[in-house]
Amino acid sequence: MTVEATSSGSTGSATTGSGVATGDVLAALARRGVTDVDDSTVTRAAYSTDASLFRVVPRAVVRPQHPDELAAIVDVARELRVPVTMRGAGTSIAGNAVGPGLVVDTVKHLNRVLDVDAEAGTAVVQPGTIHAVLQKAATAVGWRFGPDPSTHTRCTIGGMIGNNACGSRALGYGRMVDNVEAMSVVMGTGDTLALGPGGLAGAIGTGDVPAALDRLVGGHLGPIRTQFGRFGRQVSGYSLEHLLPENGRRLDRFLTGSEGTLGVITQATVRLVRDAPARTMAVLGYPSMIEAADAVPALLAHPLVACEGLDARIVDLVRGAGKAVPDLPKGAGWLFAEVTGESLAETEALLAHVIADAGALDARVVLDPAEAAALWRIREDGAGLAGRSLATPAYSGWEDSAVPPEHLGAWLRDFDGLLKQFGLDGVPYGHFGDGCVHVRIDFPLVHGAASIEEGRGVFRGFMEAAAATLATYGGSLSGEHGDGRVRSELLSTMYDAEAIRLFGEVKAVCDPLGVLNPGNIADPAPLDADLRTSLPRVREPLPLLRFTHDGGSMADAVHRCTGVGKCVVGGGAGTGTGVMCPSYAATRDEKDSTRGRARVLQEAMNGDLVQGVSDPAVHEALDLCLACKGCANDCPTGIDMATYKSEVLHQTYAGKRRPRSHYVLGKLPMWARLTTPVAGLANASLKAGPIARVARAVAGVDQRRSLPQFAGRTLRRSARADGAAGRLGSVEQPDVWIWADSFTNHFLPASGLAAVRFLEAQGLTVRVIDERACCGLTWVTTGQLDTARRIAGRTAATLAPYVASGVPVVGIEPSCTATLRSDLEELSDAPEAAAVAAGVRTFGELLAGLVADGRVTLPDLTGTHVVAQPHCHQASILGWEADERLLKAAGASVTRVGGCCGLAGNFGVEQGHYEVSVAVAETQLLPAVRAAYAVDPDTVVLADGMSCKIQLDDLADVPALHLAELLASRV
């Protein structure tokens with residue numbers, strides 16, 4: 001690859017903190033063979049923050065393609081005095097993955113599991129290897145990797161080493177440092193070392209760092225033995241206890257938790273463990289999290305693998321979003337106590353003893369693995385959910401402090417008092433069995449502060465007071481995430497002056513020029529410097545959309561993103577049933593993730609690096625957003641990038657010339673309506689090669705795409721001919737009203753007619769609403785919001801009486817139904833809009849109710865294998881669970897495909913998007929279809945959405961059915 005050209009307002013001639021021009025740095029990297037370097041505005045904005053409160057805009061982002069390039073990067077940094085910050089998944093909450101010079105992202109290229117030794121129980125990995133990828137490789141040969149942070153689907157092994165990550169099951173498997181066997185590293189001196197069990201004396205490589213550290217430790221044995229390694233979750237500062245003679249002088253383990261301030265990991269060998277055959281959890285209920293904390297010491301007398309705390313307010317958020325939560329015992333705070341054993345009987349017996357000693361209000365043993373997985377998912381999403389658990393946004397900062405578990409209850413009482421003293425609130429949860437508490441606090445950094453400075457003062461005052469109180473318990477400022485920019489300044493409350501001097505001396509030995517991750521641990525930046533939340537919002541547009549969940553503020557909406565990174569799950573592997581984020585799954589480029597786009601939009605609101613929503617950097621970031629709505633459901637903080645994209649396009653193009661596709665694809669229902677009288681002629685013309693090519697070019701459609709065929713007879717016209725159409729008051733009240741959305745009406749009437757046929761075969765009276773009512777979806781997705789609001793308003797007024805009649809109103813096309821469910825209320829505050837949004841149902845939802853009432857009998861689908869691609873809007877907004885239950889109840893075996901089909905309305909047909917559209921389809925959909933057909937050529941491919949049908953037809957020549965068509969075909 002070549003060095004990426006400067007774009008979107010990038011300051012290619014700008015200087016780094018050392019006064020060296022960025023162009024000179026890029027040239028020096030290129031001379032050393034480092035070529036995947038990007039200093040564009042959009043990329044710098046996307047990497048300007050991690051999951052913390054801090055914003056530090058880098059000069060460039062480097063994605064090394066070979067381990068040797070890491071040494072070259074350090075070499076350039078030393079030569080030009082340019083700071084280097086290593087970044088894994090970017091999920092650090094302490095600000096230790098942002099920096100002013102070069103940010104090095106290892107995820108894209110240095111992400112391989114190099115070896116798994118099934119005999120020795122070890123694995124060799126590159127630093128950018130995703131935890132879940134390693135876990136999959138280990139599981140395949142009968143092992144597992146022990147530490148499992150809540151971000152295990154996206155965090156990297158290098159990042160876990162950098163922060164000494166632990167996760168929920170540290171009681172059973174230890175911290176990251178307990179699982180490191182060896183590593184190769186480039187020190188800040190430029191020396192390369194191979195480290196392992198041989199300790200300082202066994203280090204292989206160049207330079208005298210090991211000998212110098214040995215001398216340093218030898219001269220300070222007393223303070224190191226008394227101040228370091230006092231309890232398991234003491235990870236703040238440098239873990240000098242690992243260099244003690246009695247601990248094997250393990251330099252590799254000493255570097256674990258040093259946050260990239262001393263050396264850069266190029267390769268690591270980690271220990272694997274055998275997993276027990278049975279794993280069972282008990283949920284223990286308590287009046288509050290404080291009482292739950294009081295119970296922890298007694299529980300630790302049992303062989304627990306995990307002991308996690310969860311506050312009821314986090315669970316309430318999940319329920320409030322309409323998502324199912326397994327039954328929980330009485331209480332406002334819960335402990336998840338997990339044990340393993342050789343059999344289920346053994347684990348149940350262990351948990352009986354645990355419950356007897358728990359002192360809980362109530363308890364429940366969870367035997368269903370699916371229920372246990374659902375509860376663990378809520379716990380894993382804790383960081384994002386906790387940020388939304390209070391009346392105003394809650395932030396990281398004081399995030400993961402830890403105390404010896406015997407002090408946990410007392411510490412939480414003092415902590416609660418500190419919150420009240422400063423007028424703050426927070427929702428505690430976390431690794432209670434380790435004494436480690438996660439919490440997001442409503443610091444008045446934006447809301448509730450008379451000024452930015454006042455908010456920063458509250459933040460600093462609380463942090464200092466909490467650190468001083470924590471010290472009285474012998475606690476650690478960080479229990480697993482590192483000190484970073486937010487806690488390094490406070491280390492002097494935890495360690496004495498000699499220990500703090502030792503940190504500086506260690507830094508001088510390992511990184512004498514101070515180029516590695518400055519501002520962290522040994523040379524702390526002020527904890528209230530560079531707070532991204534305190535930046536003034538000088539370019540916030542007055543939105544047309546209502547942003548109902550964010551008080552009408554687009555800036556508040558985009559600042560929901562806290563960087564938890566669920567949008568980069570699996571490093572783009574595209575696994576599971578979630579949708580977010582399909583474009584990242586295809587490109588594995590940070591700017592194409594939900595998080596990256598949110599960061600660019602945050603910069604646009606601040607108006608510093610990115611000059612408002614019309615800045616080319618914003619459009620570059622949003623270009624590959626499929627508007628799939630996946631983030632609206634899958635993101636724990638509730639980011640809705642599709643909505644933000646619509647508003648950005650509206651703000652940018654209002655009253656201006658638009659892209660060609662906006663005029664054609666963005667107004668497709670209008671063109672379809674006008675073409676209806678000559679549909680046959682239009683279809684014949686569009687099949688002619690020259691005419692089709694011109695039509696595609698005019699419409700802005702990729703030449704490799706097929707053009708949609710207009711229905712010879714619309715759904716409404718067909719229903720009239722069959723006597724199945726009607727208007728409210730003009731016909732006898734039916735059992736079901738079917739709304740003829742524009743896509744079903746003009747392109748896929750067979751789906752609507754199948755719904756009529758199936759329901760009428762069950763003895764129901766069905767009528768197709770014989771009134772034009774378009775949801776305005778294509779206008780919404782192309783940002784033509786003034787028109788969309790008018791269209792949606794008319795539709796709400798049209799459909800509201802049908803909904804009010806008490807007869808179910810059913811949508812056939814999922815994207816249109818989802819538009820009524822979500823976008824309608826964003827466009828209009830009319831009571832009719834709210835009524836329609838709440839009242840329109842999917843075909844699956846209708847059937848589920850009718851089956852439950854005994855009014856519909858499902859056909860027998862025994863022996864039928866269904867591969868289902870839920871439309872992304874249905875999966876994210878409407879839910880596909882009812883459809884899945886119906887299919888299984890009918891006897892079908894169901895494979896549900898996650899992700900997005902890749903077409904996503906106008907996205908996949910537009911020029912410039914074809915390759916990404918195909919790549920998205922290849923992440924999950926097309927492999928699932930090919931695998932199913934290989935086993936059973938009679939597999940039924942189910943896809944209710946028009947986009948999904950077109951994608952399957954275009955790319956795989958696969959005919960897909962709507963649920964109604966499948967059921968009707970079996971009657």
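This chain uses plain numbering: 1 for the first residue, then up along the sequence.
At a threshold of 4.5 Å between non-hydrogen side-chain atoms, the residues Leu502 and Ile224 count as touching. Under the 4.5 Å side-chain criterion, counting only non-hydrogen atoms from C-beta, Leu527 is not in contact with Arg485. Proximity of Val339 to His302: side-chain heavy atoms (C-beta onward) are nowhere separated by under 4.5 Å. Asp416 is not listed as a side-chain neighbour of Leu412, based on a closest heavy-atom distance of 4.5 Å or more. Here the side chains of Glu241 and Gln227 are not in contact, with every heavy-atom distance at 4.5 Å or above. Counting heavy atoms from C-beta outward, Asp50 and Thr91 have side chains that stay 4.5 Å or more apart. At least one side-chain heavy atom of Thr469 sits less than 4.5 Å from a side-chain heavy atom of Leu418. Contact check for Thr129 versus Thr156: no side-chain heavy atoms found under the 4.5 Å cut-off.
For the 3.5 Å distance criterion, the side chains of His152 and Gln135 fail to qualify, holding no donor opposite an acceptor. Between the side chains of His109 and Gln126, not a single donor N or O lies within less than 3.5 Å of an accepting N or O. Looking at Ser488 and Asp483, their side chains never bring a donor and an acceptor atom within 3.5 Å of each other. With hydrogens and angles left out, the side-chain atoms of Arg175 and Asn164 include no donor and acceptor closer than 3.5 Å.
Nearest heavy atoms, Leu304 versus Leu171: O-CB, 3.5 Å. The minimum heavy-atom distance between Val209 and Cys510, with the atom names listed, is CG1-SG, 4.0 Å. Between Leu490 and Val486, the shortest heavy-atom contact is CD1-O, 4.3 Å. Considering every non-hydrogen atom in both Gly482 and Ala94, the closest pair reads O-CB, 3.6 Å. Across Gly95 and Phe54, no two heavy atoms sit closer than the pair CA-CD1, 3.9 Å. Closest heavy-atom contact between Pro405 and Pro297: O-CG, 3.9 Å.
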Intermediate values then yes/no, side-chain contact (heavy atoms from CB on, under 4.5 Å), Val270 and Glu181: CA-CA 5 Å; Val270 296; Glu181 293 297 320; 6.0 Å; no
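A distance of 14.0 Å separates CG of Leu102 from CZ of Arg87, quoted to the nearest 0.5 Å. One distance of note links NE2 of His220 with CG of Leu244; it measures 12.5 Å at 0.5 Å rounding. One distance of note links CD of Glu308 with CZ of Phe432; it measures 9.0 Å at 0.5 Å rounding.
Tyr286 pairs by the ring pair (Phe, Tyr, Trp, His ring centres under 6.0 Å) definition with nothing, not counting sequence neighbours. Arg78 is linked by a salt bridge (charged side-chain N to carboxylate O under 4.0 Å, His left out) to nothing, counting only residues two or more places apart in sequence or in another chain. When the ring pair (Phe, Tyr, Trp, His ring centres under 6.0 Å) test is applied to Trp376, the partners found at least two apart in sequence or on another chain are Phe336.
Sorted pairs that involve residues 113-141 and meet salt bridge (Lys or Arg N to Asp or Glu O under 4.0 Å), not counting sequence neighbours, are lacking altogether. Residue pairs satisfying the ring pair (Phe, Tyr, Trp, His ring centres under 6.0 Å) criterion with at least one member in residues 480-499, sequence neighbours excluded, are listed as follows: Phe228-Tyr495, His438-His481, Tyr495-Phe503. Applying the side-chain hydrogen bond (donor to acceptor under 3.5 Å, both in side chains) definition to pairs two or more places apart or across chains, those involving residues 248-264 are Asn96-Glu259, Asp214-Arg249, Tyr238-Thr261, Arg250-Asp252.
Taking the six-membered ring where the residue is Trp, Tyr473 and His407 present tilted rings, their angle falling between 30° and 60°.
Under a 4.0 Å N-O distance rule, the pair Glu505/Arg501 does not qualify as a salt bridge. The residues Asp400 and Arg487 are annotated as salt-bridged, a charged nitrogen and a carboxylate oxygen being separated by less than 4.0 angstrom.
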